[in-house]
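Data first, discussion second: the structure below is written as structure tokens.
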Protein chains: 2
Amino acid sequence: MDERLNEILRAVVENYIDTAEPVGSRKLTKRYNLGLSPATIRNIMADLEYLGFLMQPHTSAGRMPTEKGYRHYVDCCIDDGHQLDERFIIETQKKLENIERDVSSLLENVTRELSKCSHQMGIAVAPRFSRSRLSRVELIHVKGTSVLAVVITEEGVVRNLLLDFEEPCSQQHLSKISEYINKELAGCSLEDARERVIRKVYEEKAVYDSLVARAMRIGRLIMERQVEEDIYIGGYSEVLEQPNFLDLDSIKEMFRAIEDKRMMIKVFNMIEEMESGVTVLIGSENPLDEMQDCSMVVSPYLKKGRVIGTIGVIGPIRMHYPQVISMVDETAKFLTKVFSETVGGRG
Amino acid sequence: MDERLNEILRAVVENYIDTAEPVGSRKLTKRYNLGLSPATIRNIMADLEYLGFLMQPHTSAGRMPTEKGYRHYVDCCIDDGHQLDERFIIETQKKLENIERDVSSLLENVTRELSKCSHQMGIAVAPRFSRSRLSRVELIHVKGTSVLAVVITEEGVVRNLLLDFEEPCSQQHLSKISEYINKELAGCSLEDARERVIRKVYEEKAVYDSLVARAMRIGRLIMERQVEEDIYIGGYSEVLEQPNFLDLDSIKEMFRAIEDKRMMIKVFNMIEEMESGVTVLIGSENPLDEMQDCSMVVSPYLKKGRVIGTIGVIGPIRMHYPQVISMVDETAKFLTKVFSETVGGRG
DNA sequence: AATTAGCACTCATCCACTGAGAGTGCTAAT
DNA sequence: ATTAGCACTCTCAGTGGATGAGTGCTAATT
């Protein structure tokens, strides 16, 4: 594609992102020093419109980008150079030192920071519990038939599950059971563990050893419990802060979708299967109907080369993509670093 | 105060709550069967305006309630009869059976349900950790110098704290330490425990027993860790759902305030010291500047007669107070019941 | 052949104006 | 004490012209 077309498209998109108003040919020549007259620009813009990258809200208005225009802008017109505020990196680094290392605080804080910097809503998906490897299980007697199972994965995700037994069970007994579980299942992925548990239960049908039987039943309970704590969201107010050009109805729909965490988990499952690195989803590229008027910029974060979760932002389609992309990228790298170095160690 | 004034005030407020439009004298006579002519109504309304309960947005518009008007309406014009949808109670009961008994899921789900029913934002404050009595502490070795402390209070609140030691520590040792902590501090309020820990540490300065010293140091770490997980919020989209008559700026401010959980904890600390039962805060009665354009309807919930937390909603000043008040009341009672009967048992 | 200047044309937006309608306050009658 | 009647006020929706930003096309220029 013609280099000059790209240049003009880029100018139009960036101007529109800044002003939220349709861009005319005269304005472009004034702000940017392209060596071209308005008339020429007009011809080029007409071409861009023909190609589907720009549109006019009405005759005799300036042009604004279509979704396809944004897409092309993101794909071809952003130079990967450091779009990023030095400040952002420094602040992120500063957080690095003060932040708690426990996974949920980590993600919550990182999400909040990302949200503040980017002025979008921040979203993070914690390391998927079901795909993690088991590191340790501890059973704590609470009261009566209630037992608290504390499950720790190798990623450092801690989850509490309150189990309800048919009959009371002493702490000593529970300790033995958890010891047994740990011996049997440590290092297993939870899905493996699940299968193994089911198999064991089947084998031990005769219940010759009540300890094993009990342990397995607990293991099964833990596996089957469906948990929805995987999603962190922050920055509801940030989206409202953007005064121009995103109507209340869109925001409403978006909020409704986002508050349904199960739905969001589905979305991220779909995204996760796409390529690695920062992914930008613009408008109707979003898998959810309710998010057709938003854009998402997301990136997976890794531990030892394996994707374990996703972090990113959601905001209006008219968004400062270069900066936001860099921020998300930087944040994901930060998380990757933290998870690979600190949480769960190197081994 | 004149009974008739109350009646008219009530009619005006309720009509305004329904329609979001200033109410005129003619409309009142049409909708409600007061045996009065518009002219009489006008006189009464003029009186109500003089008393500060009503106002006109401009001459020759109808009247709308002032904050004082809402206040009087809530105080004197609502009959305590069952304003409540039968449906709501039944649904709440249904939840009762399916809901997880673990405190955080409980509160999250209850908050969400309250939010959905009332079409306001739901807010809950979990049993204040620092004021709770310790039920059990368990220390779990995670990796290297990391130790996970699982603290359970008598209310059933479970909290995970990741501690970082100077030197590694075996699980056996940790178990002994937690055993010791449990023996020493079980049943203490956390504030008491805190003092005792500090005193102990001071007494044992010589560190003649490394176990005790270590236990106390851990206890202290746990006490000092400031945690902000006490607030549950749900239903951001509900507030936007109300199309009429609450401007974006107010919502923005409100969201910003709500997302700052530390601030919200302060607010609820202030509220908690007020009377018991459902409290309604209208507009400028709210302690926070950012919430001058909202109303809150909140109620404490108890365990064994002692206030342990708060639940309620936040929404626009123009709110269906009778229903919302009933709903909040019902929800608080429900929580009280659950906490008194189930969580943490009766003893 | 590409670029540009010039010009006619198109709409949205702003502004002033207007009439209708809803609602009020006041006064006099009931 | 209540009500009917009336003059008055103010918002709101609609109208119409002026303004101006921006376009597309054509012819001239480089």
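These figures come from a predicted structure and were not determined experimentally.
Between A:Asn43 atom CG and D:dT23 atom P the separation is 11 Å, expressed in whole Å. D:dG22 atom P lies 11 Å from atom CZ of A:Arg31, rounded to whole Å. A:Arg4 places its CZ atom 9 Å from the P atom of C:dA2, with the value rounded to the nearest Å. Atom CE in B:Met64 sits about 14 Å away from atom P in D:dT11, given to the nearest Å. When rounded to the nearest whole Å, the span between CE of B:Met55 and P of D:dC10 equals 15 Å. Atom CD1 in A:Ile8 sits about 16 Å away from atom C1' in D:dT23, given to the nearest Å. For the pair A:Asp47 CG and D:dG24 P, the interatomic distance rounds to 10 Å; values are reported in whole Å. For B:Lys30 and C:dA22, the NZ to P distance is 9 Å, given to the nearest whole Å.
For the helix from C:dA1-D:dT30 to C:dT30-D:dA1, the angle separating the two terminal helix axes comes to 30°, with each axis derived from five pairs and the value rounded to 10°.
Dense packing is recorded around CD of A:Glu290, with more than 12 heavy atoms of other residues, nucleotides or ligands lying under 6.0 Å away.
Here the NZ atom belonging to A:Lys27 is positioned 7.0 Å from the OG1 atom belonging to A:Thr19, to the nearest 0.5 angstrom. Atom-to-atom distance recorded for B:Glu330:CD and B:Cys117:SG is 11.0 Å, nearest 0.5 angstrom.
Annotation: of the two residues near DNA chain C, B:Ser60 and B:Ala39, the 5′-most nearest-nucleotide partner is B:Ser60. A residue-by-residue look at B:Pro57 and B:Leu36 shows that B:Leu36 has its nearest nucleotide of DNA chain D further toward the 5' end.
When only modelled atom types and interatomic distance are considered, B:Tyr32 and B:Glu7 share no side-chain donor-acceptor pair under 3.5 Å.
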If you apply the rule side-chain hydrogen bond (donor to acceptor under 3.5 Å, both in side chains), what do you find for B:Ser237 with A:Glu259, and how did you get there?
CA-CA 8 Å; B:Ser237 50; A:Glu259 286 203 279; 3.1 Å; yes
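The side chain of B:Lys27 contributes no N or O atom lying less than 4.0 Å from OP1 or OP2 of C:dA22. Side-chain nitrogen and oxygen atoms of A:Arg63 include none within less than 4.0 Å of the OP1 or OP2 phosphate oxygen of D:dG22. For the OP1/OP2 pair of D:dT9 and a distance below 4.0 Å, the side-chain nitrogens and oxygens of B:Thr59 include no atom meeting the criterion. Remark: B:Ser25 is in phosphate contact with C:dT24, judged by side-chain N or O atoms under 4.0 Å from OP1 or OP2.
Relative to the side chain of B:Thr40, the nucleotides D:dT2, C:dC11, D:dA4 differ in distance, and D:dT2 lies closest. Among C:dC11, C:dG25, D:dT3, the nucleotide with an atom closest to any side-chain atom of B:Gln56 is C:dG25. Comparing C:dG23, D:dT23, D:dG22 against the side chain of A:Arg26 picks out D:dG22 as the nearest. Listed nucleotides: C:dA12, C:dT24, D:dG24. Nearest to the side chain of A:Ala46: D:dG24. Counting only heavy atoms from C-beta on, B:His58 has its side chain closest to D:dC10 among D:dC10, C:dT24, D:dG22.
In this structure, B:Glu238 does not pair ionically with A:Arg256, as no charged nitrogen and carboxylate oxygen lie closer than 4.0 Å. With respect to A:Arg71 and A:Glu67, no salt bridge is recorded, no charged nitrogen being found less than 4.0 Å from a carboxylate O.
Here B:Ala61 lies in heavy-atom contact (under 4.0 Å) with sugar-phosphate atoms only.
Taking 4.5 Å as the limit, some side-chain heavy atom of A:Lys116 sits within range of a side-chain heavy atom of A:Arg112.
No N or O donor and acceptor, one from the side chain of B:Ser37 and one from the base of D:dT3, sit under 3.5 Å apart. Scanning atom types as modelled, one donor and one acceptor separated by under 3.5 angstrom connect the side chain of B:Arg42 and the base of C:dG25.
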